[in-house]
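Excluded from the calculations below are hydrogen atoms, water molecules and symmetry mates; all remaining heavy atoms, backbone and side chain alike, are included. Here the structure is a predicted model, which means the values were calculated and not measured.
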Amino acid sequence: QVQLAESGGGLVQAGGSLRLSCAASGRTFGSYAMAWFRQAPGKEREFVAGVSWSGSSPYYADSMKGRFSIFKDNSKNTLYLDMNSLKPEDTAVYYCAAGLTGQCNSDQTGGCSWGQGTQVTVYS
């Protein structure tokens, strides 16, 4: 199945920006979606943003709209998340996910394949 590898996390001051990358390899399907989730200590995993396999139809959690941008380089099968105006509450491990659209989305993650995550820490 698809293999995912995140990179780009790090330490950033509040108000700053980061770009996360997720390289996908292996077997995929035309109906696959790709997405970013995050999880902070003591909190449930939270949907951040997603796109179709082609990179079209980006969508975002309400709290991310206007600050985050998800896009995909189709030639490289790489998913990106541009994060701007970062806040301390954005601190979390960010995970890349991929799966059939109906089984891996903002509401259902049982059919997602996952990367191992990349840490984002935002300080004041």
Side chain to side chain contact (heavy atoms under 4.5 Å, CB included) assessment of Tyr123 paired with Gln13: CA-CA 5 Å; Tyr123 64 93; Gln13 187 173 6; 3.6 Å; yes
Taking C-beta and beyond as the side chain, do Ser56 and Lys72 meet within less than 4.5 Å on heavy atoms? no
Approximate separation, where rounding is to 0.5 Å, of Thr101 OG1 and Tyr32 OH: 10.0 Å
Is the ring centre of Phe37 less than 6.0 Å from the ring centre of Tyr95? no
Thr78 side chain vs Ala23 backbone, donor-acceptor pair below 3.5 Å: no
Between CG on residue Leu18 and CG on residue Leu86, distance to nearest 0.5 Å: 5.5 Å
If you take all heavy atoms of Gly9 and Val120, which pair is closest and at what distance? CA-CG2, 4.1 Å
Just how far is it from atom OG of Ser25 to atom CD of Gln3, taken to the nearest 0.5 Å? 4.5 Å
In terms of hydrophobic clustering (I, L, V, M, F, W, Y; side-chain heavy atoms under 4.5 Å; direct or indirect links), are Tyr80 and Leu4 co-clustered? no
Atom of Thr118, atom of Ser7 and distance for their closest heavy-atom approach: OG1-C, 4.2 Å
Considering all heavy atoms, the nearest Met34-Ala98 contact: CG-CB, 4.1 Å
What's the shortest heavy-atom distance between Ala49 and Leu81, and which atoms? CB-CD1, 4.3 Å
For Glu89, does the CD atom have more than 12 heavy-atom neighbours from other residues, nucleotides or ligands under 6.0 Å away? yes
Any side-chain donor-acceptor pair under 3.5 Å between Ser17 and Asn84? yes
Might you work through the side chain to side chain contact (heavy atoms under 4.5 Å, CB included) test for Gln103 and Gln108, ending with a clear yes or no? CA-CA 6 Å; Gln103 300 173 12; Gln108 300 183 21; 5.7 Å; no
Report the distance from atom OG of Ser21 to atom CG of Leu79, rounding to the nearest 0.5 Å. 8.5 Å
Should the pair Lys87-Asp90 be classified as a salt bridge under the 4.0 Å nitrogen-to-oxygen rule? no
Gap separating the CZ atom of Phe47 from the CE atom of Met64, nearest 0.5 angstrom: 8.5 Å
According to a 4.5 Å side-chain heavy-atom criterion applied to Ile, Leu, Val, Met, Phe, Trp and Tyr, with indirect links allowed, do Val48 and Trp114 form part of one hydrophobic cluster? no
At their closest point, which heavy atom of Gly99 faces which heavy atom of Cys104, and how far apart are they? CA-CB, 3.7 Å
Smallest separation among heavy atoms of Arg38 and Ala92, with atom names: CB-CB, 3.9 Å
Between Arg27 and Val2 (side chain of the first, backbone of the second, donor and acceptor by atom type, cut-off under 3.5 Å), is there such a pair? no
Is it possible for you to say whether Phe71 and Leu20 belong to one hydrophobic cluster, with membership spreading through side-chain heavy-atom contacts below 4.5 Å? no
Within the distance-only criterion (no hydrogens, no angle test), does the side chain of Ser54 pair as donor or acceptor with the backbone N or O of Ser52 below 3.5 angstrom? no
Please report the interatomic distance CE(Met83) to OG(Ser69), rounded to the nearest 0.5 Å. 12.0 Å
